[in-house]
Protein chains: 2
Amino acid sequence: MSREVALTREEREARARVEGLGIDIDAFAAVSNVFRVANAVRNYMERNLLAEYRLSFSGFTVLWVLWVWGPKESNVLAEESGISKSTLTGVVKTLEGLGFAARRPHAADGRRVLVEATEKGMATVREIFPRFNALEGEITRDLSTAEKEELARALRVMLHTVEA
Amino acid sequence: MSREVALTREEREARARVEGLGIDIDAFAAVSNVFRVANAVRNYMERNLLAEYRLSFSGFTVLWVLWVWGPKESNVLAEESGISKSTLTGVVKTLEGLGFAARRPHAADGRRVLVEATEKGMATVREIFPRFNALEGEITRDLSTAEKEELARALRVMLHTVEA
DNA sequence: TTGAAATCGTTCGGTCCCTGACGATAGGAT
DNA sequence: ATCCTATCGTCAGGGACCGAACGATTTCAA
């Protein structure tokens, strides 16, 4: 059922180089292409959309999480954004500088800090997200709906294994 | 043909939040899961394998490219490693510090610089790559061979679209 | 009630990563 | 022979990124 798709030159040459070393080529192809796509799409989004708002990919991700779930403790926000606590500190600092987010002390626990999107931050996500999603559509335009679903499913399986 | 795989809690809640905004859910699911997996696997590799050699993911990537293709001009090396020229300057500097790579002036063109892996660098890749690939196998162990091939194929299609 | 242990967010040091600007070198046209 | 332009790798500046160490606060056991 699989239409032919040419391997890139890099992939062809790499295969030739590792031939006969007992390498699991299918695992190699699957994983390395995940990195290649993630890298390419990340750069694409930053250059063609996010730069306009002076947002990095991480900055947008954090803001998006805040938009979806509302105010969150740093702790949880870092976890859901897929970055470390210490990185989040810096990203939120940048977001504050842009007027997109604010910090608020926790009412009951003096150690904790709540991060929330400002009204400006919320408005910005409302503006960006549909455009972001439109680009996602562009990027996946040569895949059928079934193929997109199957792709997402396979990735969820991997995620489940890695995060176990 | 698609076995059931539970959406993560994050994905379920995010869908609920963006419902009715005319969002292309399939494109959203496909792309966002690429990022989640890339992130998770990158961290996994750095923590469980690369840290042992004091290599970052990028450092390993560059060294691997050198191992596969031999000495390369900075220019081309950056391109194949998926990073910018200026980033490569820093990464190669780190690799030099670790004794894994060396710089050599181009014979005919005074502007160019050739980067090559040292013997120690080559030996290190020979040692790491099979272990790296074994982890790739682990990570994809719950996908059939056909599913891995289909995953790689779908990603190549996206790559072709983004890099066009 | 008080001291030990756990947990919180931040800081620190080091690397990665980008864009934009730069000096150096090369190559082609006059 | 000498400009003009293109291309090379690097540097500067700003932000992202991590693990480890840290002070502040909370919690729990004695």
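Below, each value reflects all heavy atoms present in this structure, side chains not excepted, and no hydrogens, waters or symmetry copies. Numbered from 1 within each chain, the chains take letters A, B, ... in sequence-line order.
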**OP:** Would you mind classifying the nucleic acid contact of B:S84 as base, sugar-phosphate or nothing, using non-hydrogen atoms under 4.0 angstrom?
**Re:** base

Original post:
When you measure from the side chain of B:N133 to the backbone N and O of A:D24, does any donor-acceptor pair fall under 3.5 Å?
Top reply: yes

Original post:
Tell me: CD of B:E73 to P of D:dG9, nearest whole Å?
Top reply: 6 Å

Original post:
So which of residues 39-57 of chain B are in contact with DNA chain C, with a heavy-atom cut-off of under 4.0 Å?
Top reply: B:R42, B:S56

Original post:
Is there a donor-acceptor pair under 3.5 Å between the side chain of B:R17 and the backbone N or O of A:W67?
Top reply: yes

Original post:
Below 4.5 Å, heavy atoms only, C-beta onward: do A:S74 and A:T89 meet side chain to side chain?
Top reply: no

Subject >> Interatomic distance where CD belongs to A:E79 and P belongs to D:dC18 [whole Å] >> reply: 12 Å

**OP:** Pick base, sugar-phosphate or nothing for B:A78, based on heavy-atom distances below 4.0 Å to the nucleic acid.
**Re:** nothing

Original post:
Is there a donor on the side chain of B:S86 or the base of D:dG9 sitting less than 3.5 Å from an acceptor on the other?
Top reply: no

Subject >> Protein-nucleotide distance (B:K93, atom NZ; C:dC16, atom P), rounded to Å >> reply: 11 Å

Original post:
What integer distance in Å separates B:N75:CG from C:dA26:P?
Top reply: 15 Å

**OP:** Would you kindly say whether A:R36 and A:N39 are connected by a side-chain donor-acceptor distance under 3.5 Å?
**Re:** no

Original post:
Are OP1 or OP2 of D:dA16 and a side-chain N or O of A:K85 less than 4.0 angstrom apart?
Top reply: no

Original post:
Pick the nucleotide of DNA chain D nearest each of A:L88 and B:V76; which residue has the one closer to the 5' end?
Top reply: B:V76

**OP:** State which of C:dA26, C:dC18, C:dC8 makes the closest approach to the side chain of B:R111.
**Re:** C:dA26

Subject >> Centroid-centroid distance, A:W64 to B:F28, less than 6.0 Å >> reply: yes

Subject >> Nucleotide C:dG9, atom P - distance to NE2 of A:H106 in whole Å >> reply: 9 Å

**OP:** Would you give the length of the straight line joining atom CD of A:E52 to atom CD1 of A:I128, rounded to the nearest 0.5 angstrom?
**Re:** 8.0 Å

Original post:
Under 4.0 Å between a side-chain N/O of A:T94 and OP1 or OP2 of D:dA16, yes or no?
Top reply: yes

Subject >> hbond_proxy A:T89 side chain to C:dT11 base (donor-acceptor, 3.5 Å cutoff) >> reply: no

Original post:
Strictly under 6.0 Å, is that where the ring centroids of A:Y53 and A:F100 end up?
Top reply: no

Original post:
Which of these nucleotides, D:dG9, D:dC18, C:dG9, is closest to any side-chain atom of B:R103?
Top reply: D:dG9

Subject >> Nearest-Å distance for atom pair CZ/P, residues A:F60 and C:dC18 >> reply: 20 Å

Subject >> d(CG, A:L95; P, D:dA16) in whole Å >> reply: 8 Å

Original post:
Rounding to a whole Å, what distance do you find between B:R112:CZ and D:dT10:P?
Top reply: 14 Å

Subject >> Residue A:D109, side-chain atoms from C-beta onward, closest of D:dG9, C:dC18, D:dT25 >> reply: D:dT25

Original post:
Are A:V113 and A:L66 co-members of a hydrophobic cluster defined by side-chain heavy atoms under 4.5 Å apart?
Top reply: no

